[in-house]
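I have placed the structure first, in the form of structure tokens, so that the comments after it can refer back to it.
Residues take their numbers from the sequence shown, with the count starting at 1. This is a predicted model, so every value here is computed, not measured. Read the numbers this way: they start at 1 and go in the same order the structure lists the ligands and their atoms.
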Amino acid sequence: MHSMELAHVMSEKIYSKTFAPGEDIIRIGDAGRNAYFIENGSVEVTLPGKDGIEVLAKMGKGEIFGEMSIIDDAPRSATVTAKENTEVIVIELSRYMQSLESSNPMMHLILRLVLSRFRQASPQTKDGITPSVTENNSMNEIRSLALEKIRFEREMHDGLKAKEFEIHYQPIIGLEEGKIAGFEALMRWHKGNKFISPGHFIPLAEETGLIVELGRVALKTGLQDHIQFTNILEENSAFMSVNLSGIQISDLQEIERLAAVIEESDLIPAQIKLEVTETLMLEDFLHAKETLQKFKNLGVSIALDDFGTGFSSLSYLHQLPLDTLKIDQAFVNDMNKTKKSMRVVESIASLALSLNMNIVAEGIENKEQYRILKDLGCQFGQGFYMSRPLPKEEIEKLLLTRPTW
Ligand code: C2E
Ligand code: CA
Ligand code: CA
């Protein structure tokens, strides 16, 4: 069934259609006019490959396919087949255009999803992992980038189920005593024999919402593993710092879930730190403030990550229940190269002191940087000079040696 046959009948509304298992909804090479929103059931996106059919993605309820027709009506670049009885809502290209001005909430939802697919997540394209669309891409390139993105999205879903994501820990050192004071939990994706860095998958996980589940798992795992670390250290003052994405706290239910993870942990809340970035504050400052206060009331502390890279407005800094500022590694990096970076670090250090906050300097890569930061009054530091992020087992081994720097 193609849009041509239905167009005049259905032009006034979005319509739905049911496909039987095995039935093609769109075929590679067909003229592309519609996008489809899966109301019920599931589909498979395939391409004819060298050795038979290659499955690019599986999609289910709530997902959209065929949306490339929003920017062109070139032939379909893949085949989409119903895997079971599948009901799809058909959205015609012309409706997309009209809907920019319409108030139909469904249209807005769909448009947002479509646009988010094309939003540039990260400029890195080397390994094709976070494909980005630039003005110079041809339509063909854009389509294959979009497909790649859809595939990557699916692989992340599958990877989460297959427990391919794990957490590594980077020690955070008390610079004065030179001993481990805490850890930062950092996510890793072991995909096949490849290793994908969070810089690649976190932006897309945020875009697709998968960060909500990933982030919750990271918090759970981090707190669990820290019980072992605490036991080996034989004291409970060391903290575990876990990154929290703004997306995670945009949902009230998720905030409750995260709070429950914290409350059900066997750690004392003072051992738990949540790292947030300034982008969190940009969308809805009041909501961010209230949420941080909610966590703070549980007894955990809050760190502002990547400080110095964003807006860093003093007016909001003191309104937020922050305990720690993390100086971005860019400044630490340049510290002994440029006077300006040195002064930035210096003033952040004195700012933090006057606001009664702790400072963690990130990205310490040599002894010289360690010494300067210590002399500036930074309490804490983390960096490759002391230790790279390590898997749990290696942290346990390291702790047994009672390392000092
Ligand atoms: P971040 O929170 O700023 O984490 C610090 C990053 O700096 C880590 O990169 C760490 O490996 C790296 N690093 C530490 N010391 C040094 C050093 O001396 N030199 C250099 N060049 N780099 C150093 P990583 O693990 O690749 O993580 C990248 C980013 O991904 C993190 O930046 C964070 O924004 C995000 N991320 C990682 N795990 C999570 C997570 O569980 N949830 C969320 N929302 N984001 C995460
Ligand atoms: Ca961090
Ligand atoms: Ca950081």
Side-chain angles (χ1 to χ4, degrees), residues 121-122 124 129-130 156 159-160 164-173 175 182-190 195-226 239-250 254 258 261 272-280 301-310 312 322 324-336 345 348 358-370 373 380-391 394-395 405:
S122 142
Q124 277 150 310
I129 276 164
T130 347
M156 265 200 289
L160 186 60
E164 289 171 357
F165 291 89
E166 50 182 87
I167 312 294
H168 286 191
Y169 301 95
Q170 185 173 36
I172 295 174
I173 281 74
L175 296 183
F183 305 89
E184 177 174 5
L186 294 159
M187 220 184 289
R188 299 288 180 261
W189 184 5
H190 283 217
F195 166 85
I196 302 176
S197 90
H200 279 121
F201 66 81
I202 299 273
L204 194 58
E206 289 183 325
E207 208 175 297
T208 60
L210 202 65
I211 191 67
V212 172
E213 209 173 330
L214 276 175
R216 197 189 317 127
V217 172
L219 180 66
K220 245 185 223 166
T221 312
L223 301 190
Q224 239 159 39
D225 288 350
H226 194 47
F239 58 86
M240 176 57 71
S241 212
V242 181
N243 293 286
L244 203 61
S245 158
I247 314 289
Q248 288 174 269
I249 64 148
S250 56
E254 184 58 21
L258 294 170
V261 171
I272 303 169
K273 209 178 260 206
L274 299 174
E275 297 193 6
V276 299
T277 58
E278 287 164 89
T279 48
L280 182 89
S301 45
I302 315 279
L304 188 62
D305 204 355
D306 304 334
F307 186 72
T309 57
S312 306
L322 300 173
T324 304
L325 289 184
K326 296 193 78 171
I327 304 181
D328 192 70
Q329 46 180 280
F331 301 110
V332 176
N333 241 307
D334 294 349
M335 213 175 47
N336 31 9
V345 175
I348 295 175
N358 288 318
I359 320 163
V360 180
E362 295 189 288
I364 301 179
E365 293 188 351
N366 56 53
K367 207 173 170 161
E368 174 74 354
Q369 292 167 338
Y370 185 112
L373 289 161
F380 303 108
Q382 72 188 93
F384 296 169
Y385 170 62
M386 292 85 92
S387 170
R388 286 180 177 264
L390 299 169
E394 285 183 50
I395 289 287
W405 287 273

Which part of Asn243 is near ligand 1, with near meaning a heavy atom under 4.0 Å away: side chain, backbone, both or neither? both

Apply the side-chain hydrogen bond (donor to acceptor under 3.5 Å, both in side chains) test between Ser241 and each candidate in Glu184, Glu275, Lys273, Lys326; give the one that qualifies. Glu275

Which N, O or S atom of Asp306 lies nearest to the Ca ion (ligand 3), by name: OD1

Has the side chain of Glu394 got a donor or acceptor atom that lies under 3.5 Å from a matching backbone atom of Pro391? no

In Glu275, what N, O or S atom is nearest to the Ca ion (ligand 2), if we give its atom name? OE1

Pick out which of Asp306, Leu304, Asn243 makes a side-chain contact (heavy atoms from CB on, under 4.5 Å) with Thr277. Asp306

Element-labelled atoms of ligand 1 that are located less than 4.0 Å from some non-hydrogen atom of Ala218: 41 (O)

Taking just the N, O or S atoms of Glu184, which one is nearest to the Ca ion (ligand 2)? OE2

Using 0.5 Å steps for rounding, measure from the CD1 atom of Ile395 to the CZ atom of Phe183. 5.5 Å

Taking all atoms of both residues into account, what is the closest heavy-atom pair of Pro198 and Met187, and its distance? CG-O, 3.4 Å

Ranked by distance from atom 45 (N) of ligand 1, the top protein heavy atom is Ile202 CD1, 3.6 Å

Select one of side chain, backbone, both or neither to describe which atoms of Leu214 lie under 4.0 Å from any atom of ligand 1, heavy atoms only. neither

Please state which protein non-hydrogen atom is closest to atom 3 (O) of ligand 1 and give its distance, to 0.1 Å? Asp306 OD1, 3.2 Å

Please find out if the Ca ion (ligand 2) and some N, O or S atom of Thr277 are separated by less than 3.0 Å. no

Does any N or O in the side chain of Gln170 come within less than 3.5 Å of the main-chain N or O of Leu186, such that one atom is a donor and the other an acceptor? no

By number and element, which atoms of ligand 1 are closer than 4.0 Å to a non-hydrogen atom of Ser245? 44 (N)

Per-residue contact class, Ser197 against ligand 1 - non-hydrogen pairs under 4.0 Å: neither

Between Gly363 and Val332 the two heavy atoms that sit nearest each other are O-CG1, 3.7 Å

Minimum distance, heavy atoms only, to atom 38 (N) of ligand 1: which one of Arg388, Met187, Glu362 is it? Met187

Can you tell me which residue and heavy atom of the protein come closest to atom 21 (N) of ligand 1, and the distance to 0.1 Å? Glu365 OE2, 3.1 Å

min-distance protein heavy atom vs atom 26 (O) of ligand 1 -> Pro198 CG, 3.4 Å

Distance below 4.0 Å between atom 32 (O) of ligand 1 and any protein heavy atom? no

What atoms of ligand 1 come within less than 4.0 Å of a heavy atom belonging to Arg188? 11 (O), 24 (P), 25 (O)

Under a 3.5 Å distance rule, please check whether Gln369 uses its side chain to pair with a backbone N or O of Asn366 as donor and acceptor. yes

Ile167 contact mode with ligand 1 (heavy-atom cut-off under 4.0 Å): neither

Is Gly215 in contact with ligand 1, taking contact as a heavy-atom separation below 4.0 Å? no

Is the shortest heavy-atom distance from the side chain of Leu258 to the side chain of Arg216 under 4.5 Å? yes

Stepwise, does the side-chain contact (heavy atoms from CB on, under 4.5 Å) test hold for Phe239 with Ile172? CA-CA 9 Å; Phe239 58 86; Ile172 295 174; 3.8 Å; yes

Just to confirm my numbers, could you give the angle made at the Ca ion (ligand 3) by OD1 of Asp305 and OE2 of Glu362, rounded to 10°? 100°

To the nearest 0.5 Å, tell me how far Asp328 CG sits from Glu362 CD. 6.0 Å

Among all protein heavy atoms, pick the one closest to atom 16 (C) of ligand 1 and tell me residue, atom and distance. Phe384 CE2, 3.2 Å

Can you check whether Met240 reaches Ile272 side chain to side chain, under 4.5 Å on heavy atoms? no

Report the nearest protein non-hydrogen atom to atom 4 (O) of ligand 1: residue, atom name, distance rounded to 0.1 Å. Leu186 CD2, 3.6 Å

For the CE atom of Met335 and the CG atom of Leu373, what is their distance to the nearest 0.5 Å? 4.0 Å

Heavy-atom check, side chain of Phe165 versus side chain of Val217, under 4.5 Å: no

Residue-ligand contact Glu206/ligand 1, heavy atom below 4.0 Å: no

Taking only non-hydrogen atoms of Gln170 and a 4.0 Å limit, the atoms of ligand 1 in range are 14 (C), 15 (N)

Honestly, for Glu184 the part within reach of ligand 1 (heavy atoms, under 4.0 Å) is side chain

side-chain contact (heavy atoms from CB on, under 4.5 Å), paired with Leu244, selected from Val276, Leu219, Ile302: Val276

Can you report which non-hydrogen protein atom sits closest to atom 7 (O) of ligand 1, along with the distance? Gln329 NE2, 2.8 Å

Considering non-hydrogen atoms of the protein only, which is the closest contact for atom 11 (O) of ligand 1, and what is the distance? Pro389 CG, 3.4 Å

For Thr221 versus Tyr169, what's the shortest heavy-atom pair and its separation? O-OH, 3.5 Å

Atom indices of ligand 1, in the order listed, that fall short of 4.0 Å to a heavy atom of Gly363: 16 (C), 17 (C), 18 (O)

